[in-house]
Amino acid sequence: MDNFAKELERDFLDEAFTLVDSLERSLLELEKNPNEANSINEVFRAAHTIKGGAGTVGFDEIQHFTHIMEDVFDLVRKGKLFLSADDISIMLQCRDELSNMLYARENGDVYQSDSIKKLFDALTSLKSKAALETPPVKQPKTDTSSPSISNKDLELSNYDISVIHNLIEDGKTLYILKYKLNENYEMKEVSAFQLHALINDIGEIIKVFPSIDTLEDAFVDEVSFVVSCDKPADFIKDKTYLKEMVRDVSISSLDSKTIGQLEKPTSEETRTEAQTNEILPKAEQKPSDDTDLKQNQSQASDDNGDNVEKRNLSTLRVESWKVDNLMNQLGELVITKSTLSQLQFDFEKHSANIKTCLKEFLSGILKLNLSGESEVVSEKNEILTESLNAVFSMIENYGENIQKLNRISSSLQENVMNMRMVPIQMVFSRFPRLIRDISNKLDKKIDLVIEGVETEIDKGMVDDIFDPLIHILRNAVDHGIEPPEVRKELGKNESGKIVLKAVHEGDSIVIEVSDDGKGIDPEKLREKAIANGIFSAEAAAKMSQREILSLVFLPGFSTATQVSNMSGRGVGMDVVKKKIEEIGGNVGIATVKGKGTRIVIRLPLTLAIIQGLLIVVENMYYVIPVASVEETLILDLRQLKEINGRHAIELREKLIPILPLKRFFYGVPLNKDGEAKEYGIVTKYGDRVVCIIVNEVIGEQDIVIKPLNTKLIKSPGISAATVVGNGNIGYIIDTSQVISHYFKTIA
Amino acid sequence: MEIAKILNKRVGGDIDEQQVKSNVYFQGIAFYLGKSLFCMDIMSIRDIIAAKKIYKVPNTTDKLLGTINLRGEILPVYSLKLVLSIPDNIAGKNIIEEEEDKFIITVKKDRDIFGIFVDAIYKNMVATEENYREGNYLQKWSKNYLFNGVLLDEDNEILVLNIENLLRHLISLK
């Protein structure tokens, strides 16, 4: 396949996936408001556009499937069919199968499934249901003297049409012959074939429909031919109208005017098309062939032309790997920038030393009062002073340019980062369907409110947050929202409300899922924790409500008394927490018994470059993400407290356990009697505060994350690497992993 | 035979006429680990570079010397000596300084890339039916699952690494 065809397919698939999403959205909307015109138009438009595109790229199974979907939506649009909730379910299943077909095509396969056949039948019966609901208006019989010429009866390909064009241009006379065959004819199976032979004797057959193979196989009640013949129409009629075999015949001549009709859809379809044109924004119409293209071009020169052009110019579709490559190179730039900054720092340090020494040196020389040679020496001193001063001003100038470079690279970083951002709608759009299906299964009424869909998120995170959000939403539907009768008794609205919201807050994206269900009972959690032996009754009694609530994130911890197939098995919230932490985020929970639960996920804006605190442990560089740092301290290890054999520091009258990284990473014990100062980095792990002890803190820097092959490099607590300013490799620490491993090992 | 000629030309090695006449199985690079010789199919080799600074990854196997920064990519480097139970005095250091006369061969197998630290490069080798043995011939060596066969070179028997099994072994290390 050539590159152009591949590109065309890719474009089609991209567009089709978007349309499939909008199809789902609109169907769900239609379920709520069956007469909502926008949604009706939207579903029709989606099916129509996919059908057209699939035809262009030759994905026949998709074209046929969307064709029948389009027919059904067309009936809805014309008010001939009303979609019940069950019908919507069928259409949603169609949407799923359509999506499967697209995925298969994306992987170079053709999707096959038994359910497609069933859905075809279901759609056909929907169509016939419409026919029963409103008897079709009888169309006046077409006048045979001006028969309608329709491509529908002939299925002419673009190639056929171009052949016909050429023949007409060459001055040939062309006819379209349509025969209705007599099914009572004794040799009806061969009648079409006989007809074919008769016509072949008097002219040249350009096209026959159905195809010649079909004619040989079985009886067809209608057959059409495109024929080039220099005899008049009556002559053809006389020769071919064999009464016992043919019920009716219509002959129309084909010239340069009528050929235009063949390129356009049939009269029925033309009407549909005309209506579609009203629905579709002009710029979104996809030309299906040359004629459409021409039409669009002529429209472009009309008043809508500006819009078409603007739309094409305003967006540029770029494959994500290209942006990733750009991001990698930007990473290299950020590292080089850090190296240059480090150099500048070193230059300044040394030049300050040189300045001081030079001053002393020069004054010393003056005091020496060397006769004879003193003039030469002072001359050389002057040159030295001048040169050094020039070097100092160059260093200053260099520093200014480094600042400039800093600014440019920061803005470049911001812009490239922006390119990776996509609206969170990409994730959220999949949930209304999910909530609908689960709530239907559980016989609950739920109103899902989605806010902040335009909030942008790094494309790399889209897949990572999907599963955690599904878990949370399922929990909300299954355990949060009460059944309608219970809600009624409690004086609540029968429909439960789940709000899914996304907002930007500083350097983070905050995703919030809240429900107005029954909330979590902290007392139940407390009892369960004691029963499971996680805490003693005494310890549990001392715990704050927040500490108790954080128990839901423990593996295997569920208060659900009944396990459903949705949730309640105690797997879920711990996985949610793990997944979110893997991408550098954190998750919190708040609940009011009887009022509802709110779960808040906080994610970093991007995954490629983070703000990190560069530290040194045993002469090796490490990075702690700034997001997990509460504060840094200079420690005097002699002040360490010892409780039950464990060390802690005292900070604002609170004891905080310590975690010496050199012990964790290198097994080197902490020398708490030594005079050397060490640094403490206070970090939070869930509700626990821990002080990580390191040898040196260099400072906060932009850290370019370099992935590690975790199949080969399995170091607990090390999530990735980076290259620091001086070219050394530093490892990025996952503080939560380090803390949980360390306390497990010393326990 | 044509392939052998082309390979010979491309490698520029001293491959004699006899070898060119025989069937070529594969072409490899032979290298030293201490005094022992080993060989690797060139199709698995991505780069051969002078040994760069290696940074130990804490809490990992000794056999993983650490990581290197190769053109912005962070790659693990292994001590093949320790994998083959040959003593290695550079292992265990936090930072292994660069050494111009030592080499790191980076190996690519599907999506995984890793480096192995070698003491010296011996020469290019061409495996033919005359000088290459496999199967039962390997039985006398321990850890022979890590090898594909043996190249006979004058008095030397050079073991040829089985990269697939080596990678599998490295992944299994704890």
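Reminder, nothing fancy here: chain letters follow the sequence lines and each chain counts from 1.
- In this structure, the portion of A:Leu708 lying under 4.5 Å from any heavy atom of chain B is its side chain and not its backbone.
- Panel note: side chain B:Tyr55, backbone A:Tyr621; no donor-acceptor pair is recorded below 3.5 Å.
- Heavy-atom minimum distance, B:Leu64 versus A:Leu712: CD2-O, 4.4 Å.
- Atom NZ of B:Lys140 has more than 12 neighbouring heavy atoms from other residues, nucleotides or ligands inside a 6.0 Å radius.
- Once rounded to the nearest 0.5 Å, the distance linking CD1 of A:Ile729 with CD1 of B:Ile54 reads 9.5 Å.
- Rounding to the nearest 0.5 Å gives a distance of 6.5 Å between CG of B:Asn69 and NZ of A:Lys706.
- For B:Lys102, the NZ atom counts as densely surrounded, since its 6.0 Å shell holds more than 12 non-hydrogen atoms of other residues, nucleotides or ligands.
- A:Phe345 CZ: 12 or fewer foreign heavy atoms inside a 6.0 Å radius.
- Within the model, atoms OG1 of B:Thr61 and CD1 of A:Ile713 stand 12.0 Å from one another, a figure rounded to the nearest 0.5 Å.
- The main-chain N or O of A:Ser715 is never found under 3.5 Å from a side-chain atom of B:Thr60 such that the two would form a donor-acceptor pair.
- Here the closest non-hydrogen pair linking A:Asn619 and B:Ile95 is O-CD1, 4.0 Å.
- In terms of modelled atom types and a separation under 3.5 Å, the side chain of A:Lys714 and the main chain of B:Leu173 share a donor-acceptor contact.
- Under a cut-off of 6.0 angstrom, the local environment of OH in A:Tyr103 is sparse, with at most 12 non-hydrogen atoms contributed by other residues, nucleotides or ligands.
- A:Asn709 contributes atom CG, which lies 9.0 Å from atom CG of B:Leu75 (distance to the nearest 0.5 angstrom).
- For A:Phe664, the parts lying under 4.5 angstrom from a heavy atom of chain B are both the backbone and the side chain.
- A distance of 9.0 Å separates CZ of B:Arg111 from NZ of A:Lys711, quoted to the nearest 0.5 Å.
- Here the closest heavy-atom approach between residue B:Lys56 and residue A:Met620 is recorded as O-CE, 3.2 Å.
- For chain A, the nearby parts of B:Leu170 are the backbone and the side chain; heavy atoms of each come within less than 4.5 Å.
- For A:Tyr731, the part lying under 4.5 angstrom from a heavy atom of chain B is the side chain only.
- Residue A:Ile718 touches chain B through its side chain alone, counting heavy-atom pairs closer than 4.5 Å.
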